[in-house]
Structures are given as C-alpha cells and as structure tokens.
Amino acid sequence: MSDELPQGDLTLRTMAMPADTNASGDIFGGWVLSQMDLAGGISAGQRAEGRVVTIAVDKMKFIQPVHVGDVLCIYTEIGRIGTSSMEIKLEAWALRHRFGHREKVTEAIFTMVAVDENGKPRPVPKAH
Ligand SMILES: CC(C)(COP(=O)(O)OP(=O)(O)OC[C@H]1O[C@@H](n2cnc3c(N)ncnc32)[C@H](O)[C@@H]1OP(=O)(O)O)[C@@H](O)C(=O)NCCC(=O)NCCS
C-alpha cells in the first residue's frame with residue numbers, strides 16, 4: 001500500500017452502484033470521468049463565481065479499477081488561471097468497500113472556462 005495522500009480539497013463524494021458497471025462488473029471509466037467533471041465544475045464555478053464549462057480533459061489516467069460499493073472521493077486543486085480559463089487538477093480516490101483502505105484510482109487535469117449567460121468566455125474574477 002502506498003503512503004501517498006490525496007492532493008487538493010475534497011469536493012465530491014459518491015458511491016459506485018451496480019448500474020454504473022460494465023460487462024466485466026467493473027465501474028465504467030465514463031462514470032468516473034463524469035464524477036470528476038462534476039467536481040471540477042463545482043470547484044471552478046466557486047472560483048469563477050458563476051457558470052463554467054469544460055473545454056478540455058487532459059492527462060486522464062485510470063490507475064486502478066473502481067468496484068461496486070467503493071466510495072469515490074474527488075479532490076480538486078485549482079492550478080493556472082488564465083483570462084477565462086482555469087486548470088483544475090483532479091484526483092479520484094476509492095474507499096474500498098465503503099470504509100476500507102483508500103487508493104488513488106484516477107487522475108486528470110481539466111480546463112474549465114468561465115462563461116456568461118450567452119455561453120461566451122468571461123474573465124475569471126480576481127481572487128478575494
Ligand atoms: C468553452 C467555449 C465557450 C470557449 O469558446 P472559444 O470561443 O473557443 O473561446 P477561446 O478560444 O477564447 O478560449 C477560451 C479559453 O479557453 C482556452 N482553451 C481553448 N482551447 C483549449 C484547450 N484545448 N485546452 C485548454 N485550454 C483551452 C483558451 O486558451 C482561452 O483561455 P484564456 O481565456 O484563459 O486565455 C466554447 O469552446 C464552448 O462552448 N465549448 C463547449 C463547452 C461544453 O459544452 N462543455 C461540455 C461538453 S459536453
């Protein structure tokens with residue numbers, strides 16, 4: 001077992017359910033990606049104080065499978081901020097069998113863009 005610890009803020013926790021499995025009984029990578037997208041949206045939306053969209057998903061690495069009954073914990077950390085864009089570093093960790101040991105299962109870097117009511121890029125406000 002690794003001594004590595006999650007990096008970033010715990011932004012979302014959810015449980016992997018039987019409906020989220022593929023034919024092999026493992027959880028779909030797309031389900032994990034969508035939970036990470038939700039967490040990235042929460043984190044970026046708070047920083048941008050409003051609506052955001054995902055423009056890019058980079059360096060996505062599925063390190064280990066997720067199983068039914070695992071609690072998926074998504075940690076987020078805001079990296080580089082441009083004019084309208086924000087880099088969000090994401091890590092997904094599984095608490096095995098609801099409360100067992102914790103393992104990093106997926107990592108990625110998403111880019112989210114702050115948008116206005118017309119869906120056009122707007123500047124990310126300065127940090128308070
Ligand atoms: C996000 C969106 C509004 C951007 O519009 P756009 O006219 O392409 O805007 P720009 O070219 O000015 O780019 C906006 C920012 O994204 C950055 N960007 C563009 N392409 C990028 C990429 N592939 N990776 C990382 N950043 C990127 C730009 O550098 C710019 O950053 P900055 O403002 O910090 O300098 C538009 O592309 C869009 O609506 N995309 C769909 C988003 C969506 O629906 N996501 C969910 C998918 S189901």
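Both ligands and their constituent atoms are indexed starting at 1 by order of listing. Quick caveat, the model's predicted, so the values are computed rather than measured.
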Visitor: Would you mind checking if E107 and K59 are paired as a salt bridge, meaning a charged N to carboxylate O distance below 4.0 Å?
Guide: no
Visitor: Between N22 (side chain only) and G25 (backbone N and O only), is there a donor and an acceptor less than 3.5 Å apart?
Guide: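 Checking the backbone N and O of G25 against the side chain of N22, a donor-acceptor pair under 3.5 Å is found.
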Visitor: Quick one: table the atom pairs, ligand 1 N or O against protein N or O, below 3.5 Å, distance rounded to 0.1 Å.
Guide:
from: ligand 1; atom 1: 31 (O); to: S85; atom 2: OG; distance (Å): 3.2
from: ligand 1; atom 1: 33 (O); to: S84; atom 2: N; distance (Å): 2.8
from: ligand 1; atom 1: 33 (O); to: S84; atom 2: OG; distance (Å): 2.7
from: ligand 1; atom 1: 34 (O); to: T83; atom 2: N; distance (Å): 2.7
from: ligand 1; atom 1: 34 (O); to: S84; atom 2: N; distance (Å): 3.1
from: ligand 1; atom 1: 34 (O); to: S85; atom 2: N; distance (Å): 3.0
from: ligand 1; atom 1: 34 (O); to: S85; atom 2: OG; distance (Å): 2.6
from: ligand 1; atom 1: 45 (N); to: T54; atom 2: O; distance (Å): 2.9

Visitor: Using 0.5 Å steps for rounding, measure from the CD1 atom of I109 to the CD atom of E77.
Guide: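 Going from CD1 on I109 over to CD on E77, the span is 10.0 Å.
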Visitor: Spell out, as yes or no, whether a donor-acceptor pair under 3.5 Å connects the side chain of T21 to the backbone of P18.
Guide: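 Side chain of T21 to backbone of P18, a donor-acceptor pair under 3.5 Å: yes, one is there.
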Visitor: Ignoring hydrogens and angles, tell me if any N or O in the side chain of E91 forms a donor-acceptor pair with the backbone of Q7 under 3.5 Å.
Guide: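 Side chain of E91 to backbone of Q7, a donor-acceptor pair under 3.5 Å: yes, one is there.
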Visitor: Check whether any side-chain N or O of R102 sits under 3.5 Å from a backbone N or O of R96 as a donor-acceptor pair, and report yes or no.
Guide: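 Pair absent, no side-chain N/O of R102 close to backbone of R96.
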